[in-house]
A.B. asks: 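Just passing along the structure, written as structure tokens.
In this text, all values refer to a predicted model and were calculated from it rather than measured experimentally.
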There are 2 protein chains.
Amino acid sequence: MGQRPTILDVAKKAGVSKSTVSLVLQKNSAVKESTRVAVRQAMADIGYVYNRSAATLRSSCSGLIGLVINDLRNPFFAEFATSFQMELAQNGFATVLANTDEDPLLQSRMISSLIEHGVSGFVISPSYGQEEDTLAVIEAAGVPALQVFRSLSQGDNRFPFVAPDYKLGGTRATEHLLEMGCKRIAFLGGLNGRPVTQERMSGYLDVIARNNQEPVVLTGEATRQFGKKMVDKLAADHPDVDGVICFNDLVGLGVLSACVELGIRVGRDLRVVGFDDIEDCQDSFPAMSSVSCHIPDFAKTTAAQILSWINDGVCPPDQQRSDVELVIRASSGQA
Amino acid sequence: MGQRPTILDVAKKAGVSKSTVSLVLQKNSAVKESTRVAVRQAMADIGYVYNRSAATLRSSCSGLIGLVINDLRNPFFAEFATSFQMELAQNGFATVLANTDEDPLLQSRMISSLIEHGVSGFVISPSYGQEEDTLAVIEAAGVPALQVFRSLSQGDNRFPFVAPDYKLGGTRATEHLLEMGCKRIAFLGGLNGRPVTQERMSGYLDVIARNNQEPVVLTGEATRQFGKKMVDKLAADHPDVDGVICFNDLVGLGVLSACVELGIRVGRDLRVVGFDDIEDCQDSFPAMSSVSCHIPDFAKTTAAQILSWINDGVCPPDQQRSDVELVIRASSGQA
DNA sequence: TTCAATGTTTGGAACGTTCCAAAAATGTGG
DNA sequence: CCACATTTTTGGAACGTTCCAAACATTGAA
């Protein structure tokens, strides 16, 4: 017994069979309370630790969930990953993290690796490109997978998709700026052609059209740098813009930063709304209004869905949109 | 064969024994090139996927590394986790992530869970408290564990510890502000009594003493909010302060934000240096000077060390300090 | 042609669980 | 005290790999 004790050692110590010990481990209600206690005691005494590899092999259920994220450096995803991981942990599942850095090749490799490790399910915010391959591997393996935030397969219902109602967010943000008296509102950032960009933008475009304004759209990388650059561009090409909807908060923070630098008074000369409501929004100057999907709640829902799919075979609906809330702060501020 | 194909199916298909297939899987050089190719082909043909649970069970080597992080919402750790994970992936290891949110109880639970999953090693930036327990579990399990950034066991050499040279960072930052002509320099943020705080601060204190200045120290939470609050406090209690060293970038960003709000010209009225050099530093206004440990390099080193410990039994030295660089930007700017 | 050395392949026995059908223990009503 | 239902417990047989000692092939030298 130089090695780690096994279920067999526990059984011997407790004077029962290994099967009984196994039942205790699985919290099976058939085992009598008194023996349960005895077994638990024996475990504690000899310092037993559960070997999940063995369990997984036999039962093909690993208690592992793969979380595949396209950009963990974006605080939005970091916040999501954090909440999600904690939620899973509460349910006895461990999270295997894979950051794909927007690289579909890396993504394929990582997904394969996760499958090898026997993850019981995937939650995946996919990187674009190589779409067939990526999903095909998961499908072939027959592992439940939930797409979040982005979808590679919108419409073909191979993998259910959950996301905040981006369009509604765009709508709300735009309406808000109109109410605040903005006469010319621009939409900034987000790669052109990407579904997420399109949705957020379409909310904006609808409202703009309905109010007979002319849209100003400057798509591009969803980064702080891009946000900064666009402030110059706006000043040069569209001096009448007095409100901007940003594709996400990073762009928004870039805008704020540039405005401060140029002496543009955010909340007066220019009203700014971001998207995602990452924590930074509360502490920027000025504090930034943003469309929130309530990350912790969203993560909780996501976790619940993948778990009930795994545990009870309940496959989530094809496509779901969660509500969003516009959190109003000084950047789009009161007059 | 309704189930996933196994090594045995591959063997049959390729006309060899399962042992040979296993050898191929392990990239053993004993197997002849031609059979290697044949086996690989067979795998591809029948869509074989490696079952690591089985391999782990037999070989007790899981290819899994546990990354335990005290606060993944802090971009610094998110950036580290990202780099680390990618580095491991390149070496065929998967990263199981656990965020402990500064909660030692959660930490204990998560570590136990990771051990059950058979992680081959830990890299851990620990939450404080309950120290004995936390480390005892890992020690009992005999799993290699590397502490990063923080150490629960400084001195008792149970687990090697790697961190940036915090003190040197404090020194460099302070010297820099002196060179820029600051007459009164404050140190802001970081929980009192924590080793990391002490180290960063001691670099500061040394330089201050050597230059016959009087120190101004305001410890506290390492958050943006705290940074903001302290600007008011400085203005009220220490109006002569013209330079601040911040415990970390979050505090620094808070300071910047408050300064902009109050019309304090950062880089002129007040010079600011942060710590960690997270990506935000480049895009704040003004861009923030910060002590960098070169996160990607640091992650690479860490990954290399834990891997060589696991693979080759090379236990890293008890304590290591990596070099830091002061990245100078506008917040501490040129005169 | 034979022998030794070297290069390749192989069958069975692990690894530590869970699953299952069946056995043993316990409880109940007559 | 028996027959029966019910509650607990149990011994193998998996699960899909890796490991090992031994078998088989091939090569070069004698």
Side-chain angles (χ1 to χ4, degrees), chain A residues 1-40 42-43 46-64 92 113 115-118 120 141 311, chain B residues 1-40 42-43 46-64 92 115-118 120 141-142 311:
Chain A
M1 215 200 290
Q3 302 308 338
R4 284 203 201 162
T6 81
I7 199 185
L8 231 100
D9 301 310
V10 175
K12 202 176 303 166
K13 175 90 181 180
V16 298
S17 77
K18 64 179 170 32
S19 301
T20 304
V21 177
S22 176
L23 290 179
V24 170
L25 248 11
Q26 297 169 72
K27 307 201 199 310
N28 187 310
S29 60
V31 20
K32 199 165 36 167
E33 177 65 11
S34 61
T35 67
R36 215 206 87 237
V37 172
V39 170
R40 286 276 176 217
M43 286 181 180
I46 65 179
Y48 168 76
V49 339
Y50 186 49
N51 183 330
R52 264 178 211 273
S53 309
T56 302
L57 174 58
R58 180 59 236 244
S59 69
S60 49
C61 162
S62 67
L64 238 37
S113 159
I115 291 177
E116 285 184 2
H117 278 289
S120 308
N311 293 329
Chain B
M1 211 199 290
Q3 302 307 339
R4 284 206 199 158
T6 80
I7 200 184
L8 232 100
D9 301 310
V10 174
K12 202 177 303 168
K13 175 89 180 180
V16 298
S17 76
K18 65 181 169 32
S19 302
T20 304
V21 177
S22 175
L23 290 177
V24 170
L25 247 13
Q26 297 169 74
K27 306 201 199 312
N28 188 309
S29 60
V31 17
K32 201 167 32 169
E33 177 65 10
S34 61
T35 67
R36 215 206 88 238
V37 171
V39 169
R40 287 275 176 218
M43 287 183 180
I46 66 179
Y48 168 77
V49 340
Y50 186 51
N51 183 330
R52 261 178 213 273
S53 308
T56 301
L57 174 57
R58 178 61 235 239
S59 68
S60 49
C61 162
S62 66
L64 237 38
I115 291 178
E116 284 184 2
H117 278 287
S120 309
N311 293 329

A.B. asks: Shortest non-hydrogen contact from A:A38 to A:A14?
C.D. replies: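 Nearest heavy atoms, A:A38 then A:A14: O-CB, 4.2 Å.
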A.B. asks: With axes from five pairs an end, tell me the bend angle of the helix from C:dT1-D:dA30 to C:dG30-D:dC1, nearest 10°.
C.D. replies: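 The value is 40°.
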A.B. asks: Sequence neighbours left out, what passes salt bridge (Lys or Arg N to Asp or Glu O under 4.0 Å) with B:R36? Give chain and number order.
C.D. replies: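 So B:R36 forms a salt bridge (Lys or Arg N to Asp or Glu O under 4.0 Å) with B:E33.
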A.B. asks: Please name all residues satisfying side chain to side chain donor-acceptor pair (under 3.5 Å) with A:S22, sequence neighbours left out, ordered by chain then number.
C.D. replies: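 If we apply the side chain to side chain donor-acceptor pair (under 3.5 Å) test to A:S22, skipping adjacent residues, the hits are A:Q26.
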A.B. asks: Taking protein heavy atoms under 4.0 Å as touching, what does nucleotides 15-23 of chain C look like 5' to 3' if B marks base contact, S marks sugar-phosphate-only contact and - marks none?
C.D. replies: BBBBB----
A.B. asks: From CD of A:E33 over to P of D:dT9, roughly how many Å is that when rounded to an integer?
C.D. replies: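 Distance check: A:E33 CD to D:dT9 P gives 11 Å.
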A.B. asks: Applying side-chain contact (heavy atoms from CB on, under 4.5 Å), name anything that partners B:S17, two or more places apart in sequence or on another chain.
C.D. replies: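 If we apply the side-chain contact (heavy atoms from CB on, under 4.5 Å) test to B:S17, skipping adjacent residues, the hits are B:S19, B:T20.
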A.B. asks: Could you tell me whether A:T35 contacts a base, only the sugar-phosphate backbone, or nothing, with contacts defined as non-hydrogen atoms closer than 4.0 Å?
C.D. replies: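 Contact class for A:T35: sugar-phosphate only.
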A.B. asks: So which heavy atom on A:Y48 is nearest to which on A:P5, and how close?
C.D. replies: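 Heavy atoms of A:Y48 and A:P5 come nearest at CD1-O, 3.5 Å.
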A.B. asks: Give a yes/no on whether any side-chain N or O of B:S17 is located under 4.0 angstrom from OP1 or OP2 of C:dT9.
C.D. replies: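 Looking at the OP1 and OP2 atoms of C:dT9, neither is under 4.0 Å from any side-chain N or O of B:S17.
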A.B. asks: Counting C-beta onward and ignoring hydrogens, is there a side-chain heavy-atom pair between A:M43 and A:V21 closer than 4.5 Å?
C.D. replies: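 Side-chain contact under 4.5 Å: yes.
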A.B. asks: How long is the line joining CG of B:N28 and P of C:dG7, in whole Å?
C.D. replies: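 Taking CG of B:N28 and P of C:dG7, I get 13 Å after rounding.
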A.B. asks: Got a sec, which pairs hit salt bridge (charged side-chain N to carboxylate O under 4.0 Å, His left out) with one end in residues 47-60 of chain A, sequence neighbours left out?
C.D. replies: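 Salt bridge (charged side-chain N to carboxylate O under 4.0 Å, His left out) check on residues 47-60 of chain A returns A:R52-B:E116.
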A.B. asks: Taking atom types as modelled, is there a side-chain donor on B:S53 or A:S53 under 3.5 Å from an acceptor on the other?
C.D. replies: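 Distance-only check fails for B:S53 and A:S53.
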